[in-house]
Amino acid sequence: MRLVTSVDVDDPAAVTITVSARHELELPDGRRVLLLDDRGWGSTQRWAGASAEGLRETTRAVVGPDEPTGGRTAEEMAAGHWTHLQQVARHHGAPVDADELRRLPHDVVLGADVLARIRPSG
């Protein structure tokens, strides 16, 4: 199993970075279970200045766990995040636990439109 986050261009007309992220659990049989589809971000950085590794790093931060807020510690935020993802996965028939999810490899897949914007043509 692994976590997979797919990144796509959110606003094709924008010259600055705007992306959406779809976070999934890939099961051993290749099926995917949607965990989050409400994530993404925008930046004042132009696509031409972006790197694949920078986009992957930001994507991993955006899909969580979130930074501590409301007096909660980073550990509490992480525990809540992984428990929520566990509940979503189980709701879709994937019997995983929070600790197992936390330890899975996390691959970020940049969509063709994203790659076309960050790679020079020619």
Side-chain angles (χ1 to χ4, degrees):
M1 287 193 299
R2 67 181 179 143
L3 298 171
V4 179
T5 304
S6 301
V7 179
D8 291 307
V9 173
D10 193 43
D11 180 358
V15 296
T16 58
I17 298 171
T18 61
V19 298
S20 60
R22 181 179 173 92
H23 192 52
E24 297 171 302
L25 169 63
E26 186 175 86
L27 301 172
D29 64 7
R31 289 182 301 128
R32 289 189 180 180
V33 173
L34 179 63
L35 299 175
L36 299 169
D37 69 350
D38 61 348
R39 301 293 171 109
W41 74 97
S43 171
T44 57
Q45 182 181 18
R46 297 175 74 82
W47 281 107
S51 71
E53 191 51 41
L55 291 173
R56 287 185 181 101
E57 182 178 321
T58 301
T59 297
R60 286 185 181 97
V62 167
V63 296
D66 292 333
E67 293 293 320
T69 61
R72 296 176 70 193
T73 66
E75 182 64 32
E76 290 169 332
M77 293 294 289
H81 172 76
W82 296 113
T83 298
H84 171 72
L85 295 184
Q86 169 194 312
Q87 292 168 346
V88 172
R90 286 185 175 181
H91 175 76
H92 292 289
V96 297
D97 66 40
D99 288 333
E100 184 177 15
L101 285 170
R102 183 188 295 234
R103 290 188 306 269
L104 289 175
H106 182 187
D107 295 323
V108 176
V109 179
L110 303 178
D113 289 343
V114 171
L115 292 172
R117 284 168 171 73
I118 64 174
R119 289 188 180 147
S121 60

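Note that these values count all heavy atoms, side chains included, but never hydrogens, waters or copies made by symmetry.
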Trainee: Under a 3.5 Å distance rule, please check whether Thr18 uses its side chain to pair with a backbone N or O of Asp11 as donor and acceptor.
Mentor: yes
Trainee: So, taking the atom named CH2 in Trp82 and the one named CG in Leu104, what distance separates them when rounded to the nearest 0.5 Å?
Mentor: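 CG of Leu104 is found 7.5 Å from CH2 of Trp82.
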Trainee: Return the minimal non-hydrogen interatomic distance between Pro28 and Met1, and the atom names on each side.
Mentor: CD-CG, 3.3 Å
Trainee: Find the distance between NE2 (His91) and CD (Gln87) and round it off to the nearest 0.5 Å.
Mentor: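 Result: 11.0 Å between the selected atoms.
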Trainee: Answer yes or no: is there a donor N or O on one side and an acceptor on the other, between the side chain of Arg117 and the main chain of Pro12, under 3.5 Å?
Mentor: yes
Trainee: Measure the CG-CG distance between Leu3 and Leu25 for me, rounded to the nearest 0.5 Å.
Mentor: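 If we round to the nearest 0.5 Å, Leu3:CG and Leu25:CG are 6.0 Å apart.
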Trainee: Counting distance only, does the side-chain N/O of Arg39 pair as donor-acceptor with the main-chain N or O of Val62 below 3.5 Å?
Mentor: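 Looks like yes, one N/O pair under 3.5 Å.
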Trainee: State, with a plain yes or no, whether a side-chain heavy atom of Glu53 is found less than 4.5 Å away from one of Arg56.
Mentor: yes
Trainee: Looking at side-chain heavy atoms only, is the closest gap between Glu67 and Arg72 below 4.5 Å?
Mentor: no
Trainee: What are the two closest heavy atoms between Gly30 and Glu26, and how far apart are they?
Mentor: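 Looking at all heavy atoms of both residues, the shortest contact is O-CG, 4.0 Å.
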Trainee: Using every non-hydrogen atom in the two residues, find where Thr16 and Ser43 come nearest and quote the distance to one decimal.
Mentor: CB-O, 3.2 Å
Trainee: May I ask whether Val4 and Leu27 are part of the same hydrophobic cluster, defined by side-chain heavy atoms of I, L, V, M, F, W, Y residues being less than 4.5 angstrom apart, directly or through others?
Mentor: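 Not linked; separate clusters.
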Trainee: Atom NE2 in His92, atom CZ in Arg31: separation rounded to 0.5 Å?
Mentor: 12.0 Å
Trainee: Hey, could you give me the CZ/OG1 distance between Arg102 and Thr83, rounded to the nearest 0.5 Å?
Mentor: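 One gets 8.0 Å once the value is rounded to the nearest 0.5 Å.
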Trainee: Do you know the tightest heavy-atom contact between Leu101 and Leu85?
Mentor: CD1-C, 3.7 Å
Trainee: Using side-chain contact (heavy atoms from CB on, under 4.5 Å), reason through Gln86 and Arg90 one step at a time and then give a plain yes or no.
Mentor: CA-CA 6 Å; Gln86 169 194 312; Arg90 286 185 175 181; 3.3 Å; yes
Trainee: Any side-chain heavy atom of Ile118 sitting closer than 4.5 Å to one from Leu55?
Mentor: yes
Trainee: Could you tell me the separation between the NE2 atom of His81 and the CG atom of Asp66, rounded to the nearest 0.5 Å?
Mentor: 7.5 Å
Trainee: Can you find a heavy atom in the side chain of Val19 that is under 4.5 Å from one in the side chain of Trp41?
Mentor: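 Heavy-atom side-chain distance check passes, below 4.5 Å.
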Trainee: For the residue pair Leu34 and Leu36, what are the closest heavy atoms and their distance?
Mentor: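 Smallest interatomic distance, heavy atoms only, reads CD1-O, 3.5 Å.
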Trainee: Just to verify, what does His106 make a ring pair (Phe, Tyr, Trp, His ring centres under 6.0 Å) with, not counting sequence neighbours?
Mentor: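 In terms of ring pair (Phe, Tyr, Trp, His ring centres under 6.0 Å), with neighbours along the sequence ignored, His106 is linked to His23.
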Trainee: Minimum heavy-atom separation for Asp97 and Glu100, please, with both atom names.
Mentor: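 Here Asp97 and Glu100 meet closest at OD1-N, 2.7 Å.
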